[in-house]
Amino acid sequence: MNKLIHLTILLWGLSVPGRAQESTLLDLGGLNIGDTLAYPVLVDVLNAPDGLLDMESFKGKLIILDFWHTGCSGCVAAFPKMDSLQQRFENNVQIIAVNTESLDSTERFFSKLKAKWRPRFPLVTNDRVLNRLFPHKLVPHHVWVDENGVVRYITGGVNTNEKSIREFLAGRGPIMSERPRLVDTALRRGMLLNTAEQHALSYSVLTRTIPGSNTRQRMVWFREGVYTGNRISRNSISALELLLIAFSEGGRFNFEAADSRRFAGLGDIRYTRPLVDTIYDDWYRNYSYNYDVMMEGNPSDRLFKYMQDHLIRSFNINSDVRMEYRMVYEFRLEDERMFKARQIQEQGYRPSPDSLLYFRNRTPEDAAYLLQKLLVSKGLPDIVTNGIEIPDKMTFFIDRNALAPFSIAALNRELHGYGLTLKRVRRKVPILLLEAEGL
């Protein structure tokens, strides 16, 4: 008899009533909220005279420590915002970025950035002091130290914004979630406890985001008529993002474009990820989720049906997929002779990654899907379908500079060089309908 585990756990953590909580949690030590920082002198500091930084020189200011590393794209993407905040509040706030990488490697990293830009506030490198005082596993990791050296917040980077800083300086302590100082190694392996994970043949586990848990991200894709795996795992994701993964079935159906879906009652913070960072913390604590689903063997679309059923019941959603006529962009092969000549020409070609968008060794279906994602990234609602039936994979490159400003006409000028095009046609396509119950 097959064992089946189908769990919905809407909890902040896992505990056993009536007894002390037992887990593999590891206390990393260091300073806690309410402790006082003895201002250290730091070395190997970029943007500091002689590479030295005496933190006591900032006594009387709010100090915000921004722990990061060069592999964290979110940390780097936030630097312009952090730099802007430093300039705006320079009389009352000092931001200090901190990493454990060497001075030379950090310098090389900034020199290789496409924008050739780096923050103007101090960047502590090769750090062995602050990381011992404020140990952590996830970045960006922010520590707020008040004008007297007292640790006031240990939180996520999204909470460092103009609103929270103004509230703090005005004496109205902002409400910000605390970044956990514990690491649960069992949860980092997977959403299930070890015993259940080892013995279950199938499971679907949904929890509110468990602070400090960061399971490996997994996805199952529909490629060349087959599914690529049997497990999906996501961290800190919205309900709507999970539903789109479930109903897209690994790219088998295209619901990326706004024209391919209709949502009713799913536009508020309960279902969607907020774009404004001042409300992100509230969303993260109450409406973001961790999710893990697995089905033994080669589950084909059964895995996604299993996922759909669980999420619909968990979020009280009515769902339907209908075939409707829409004006779409169909990906077409216009000039076969030119296409074949360019495929021969592109063999072994290795262009600069900075200047071109790569579509290397893609099936026509994959290429159409990637073109769809390109349109979505540019804010266009249009649907892209595939109208090419050649069996071979294709390779083509698109000049990023030729797409600025972006337009379908500009994109087609690039595609025409390969005998390809996006043509506006009327087609019957699947439309995803999701509605919150009770409307």
Side-chain angles (χ1 to χ4, degrees), residues 6-15 74 138 140 155-164 167 174-180 187 191-192 203-215 217-219 232-249 253 255-293 304-322 376-377 379 381 431-439:
H6 192 161
L7 303 175
T8 303
I9 311 173
L10 294 177
L11 301 172
W12 279 103
L14 303 176
S15 62
L138 304 178
T155 189
V158 71
N159 288 322
T160 299
N161 54 63
E162 183 174 355
K163 180 176 180 290
S164 60
E167 288 181 354
I175 299 174
M176 299 193 296
S177 61
E178 181 179 354
R179 178 62 65 87
L187 287 172
M191 290 299 297
L192 289 177
Y203 62 78
S204 179
V205 181
L206 175 70
T207 74
R208 284 198 179 97
T209 294
I210 302 170
S213 172
N214 188 26
T215 60
Q217 302 268 33
R218 294 176 172 87
M219 185 58 192
I232 298 170
S233 179
R234 282 293 183 270
N235 302 306
S236 304
I237 192 170
S238 72
L240 191 52
E241 288 170 318
L242 280 173
L243 288 163
L244 283 173
I245 289 173
F247 282 93
S248 296
E249 298 188 12
F253 298 103
F255 299 127
E256 294 275 338
D259 283 353
S260 66
R261 59 205 191 200
R262 292 204 298 270
F263 301 147
L266 304 183
D268 63 31
I269 194 174
R270 292 174 297 167
Y271 302 100
T272 61
R273 182 186 299 269
L275 300 177
V276 181
D277 60 6
T278 54
I279 62 174
Y280 182 90
D281 198 47
D282 182 57
W283 172 82
Y284 175 82
R285 286 184 283 113
N286 295 293
Y287 302 113
S288 72
Y289 301 93
N290 283 4
Y291 181 72
D292 202 339
V293 61
F304 288 97
K305 301 298 184 187
Y306 189 33
M307 182 179 181
Q308 291 167 18
D309 178 63
H310 187 180
L311 297 179
I312 286 169
R313 289 186 289 106
S314 298
F315 296 125
N316 297 317
I317 299 293
N318 295 316
S319 68
D320 192 14
V321 176
R322 301 177 186 173
V376 170
S377 72
I431 305 297
L432 175 62
L433 310 175
L434 296 176
E435 178 185 69
E437 288 189 2
L439 290 182

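Counting from 1, the numbers follow the sequence of the chain as shown.
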(message) Looking at every heavy atom in both Ile431 and Arg262, which two are closest together, and how far apart are they?
(response) CG2-NH1, 4.2 Å
(request) Please name the pair of heavy atoms, one in Ser164 and one in Pro174, separated by the smallest distance, quoted to 0.1 Å. (result) O-CG, 3.6 Å
(message) Are more than 12 heavy atoms, taken from residues, nucleotides or ligands other than Ile279, located less than 6.0 Å from that residue's CD1 atom?
(response) yes
(request) List the steps and the verdict of side chain to side chain contact (heavy atoms under 4.5 Å, CB included) for Leu434 and Arg261. (result) CA-CA 8 Å; Leu434 296 176; Arg261 59 205 191 200; over 6 Å; no
(request) Report yes if the side chains of Tyr306 and Val293 come closer than 4.5 Å at any heavy-atom pair, otherwise no. (result) yes
(request) Go through the structure and list residues passing salt bridge (charged side-chain N to carboxylate O under 4.0 Å, His left out) with Asp282, not counting sequence neighbours. (result) Arg285
(request) Output the distance between atom CG (Asn286) and atom OG1 (Thr209), rounded to the nearest 0.5 Å. (result) 10.5 Å
(message) If only side-chain N and O atoms count, and only distance matters, is there a donor-acceptor pair under 3.5 Å linking Thr272 with Tyr287?
(response) no
(message) I need the minimum non-hydrogen distance between Val158 and Asn161, along with the two atoms involved.
(response) O-ND2, 3.2 Å
(request) Compare all side-chain heavy atoms of Leu432 with those of Leu243 and state whether any distance is below 4.5 angstrom. (result) no
(message) Nearest 0.5 Å, please: how far is CG in Asp292 from CZ in Arg218?
(response) 7.0 Å
(request) For residues Tyr291 and Leu242, report the shortest heavy-atom separation together with the two atoms involved. (result) CB-CD2, 3.8 Å
(request) Check the pair Ser177, Asp281 against side chain to side chain donor-acceptor pair (under 3.5 Å), reporting the backbone distance first and the verdict last. (result) CA-CA 7 Å; Ser177 61; Asp281 198 47; 2.5 Å; yes
(request) Mind listing the closest non-hydrogen atom pair of Pro381 and Ala257 along with its distance? (result) O-CB, 3.2 Å
(request) Taking the six-membered ring for Trp and the single ring otherwise, decide whether the centroids of Phe315 and Tyr289 are under 6.0 Å apart. (result) yes
(request) Using a strict 4.0 Å threshold on nitrogen-to-oxygen distance, state whether Lys305 and Glu249 make a salt bridge. (result) yes
(request) Find the distance between CG (Leu311) and CG (Leu244) and round it off to the nearest 0.5 Å. (result) 11.0 Å
(request) To the nearest 0.5 Å, tell me how far Leu206 CG sits from Met307 CE. (result) 9.5 Å
(request) Verify, without hydrogens or angle tests, whether Asp268 (side chain) and Gly265 (backbone) share a donor-acceptor contact under 3.5 angstrom. (result) no
(message) Return the OG to CD distance between Ser377 and Glu256, rounded to the nearest 0.5 Å.
(response) 10.5 Å
(message) Going by salt bridge (charged side-chain N to carboxylate O under 4.0 Å, His left out), name the residues that satisfy it together with Glu162, two or more places apart in sequence or in a different chain.
(response) Arg88, Arg166
(request) Any chance you could measure Leu433, atom CG, to Glu435, atom CD, to the nearest 0.5 Å? (result) 9.0 Å
(message) Is the ring pair Tyr280/Trp283 parallel, tilted or perpendicular, if the boundaries are 30 and 60 degrees?
(response) tilted
(message) According to ring-ring contact (aromatic ring centres under 6.0 Å, His included), who are the partners of Phe247, at least two apart in sequence or on a separate chain?
(response) none
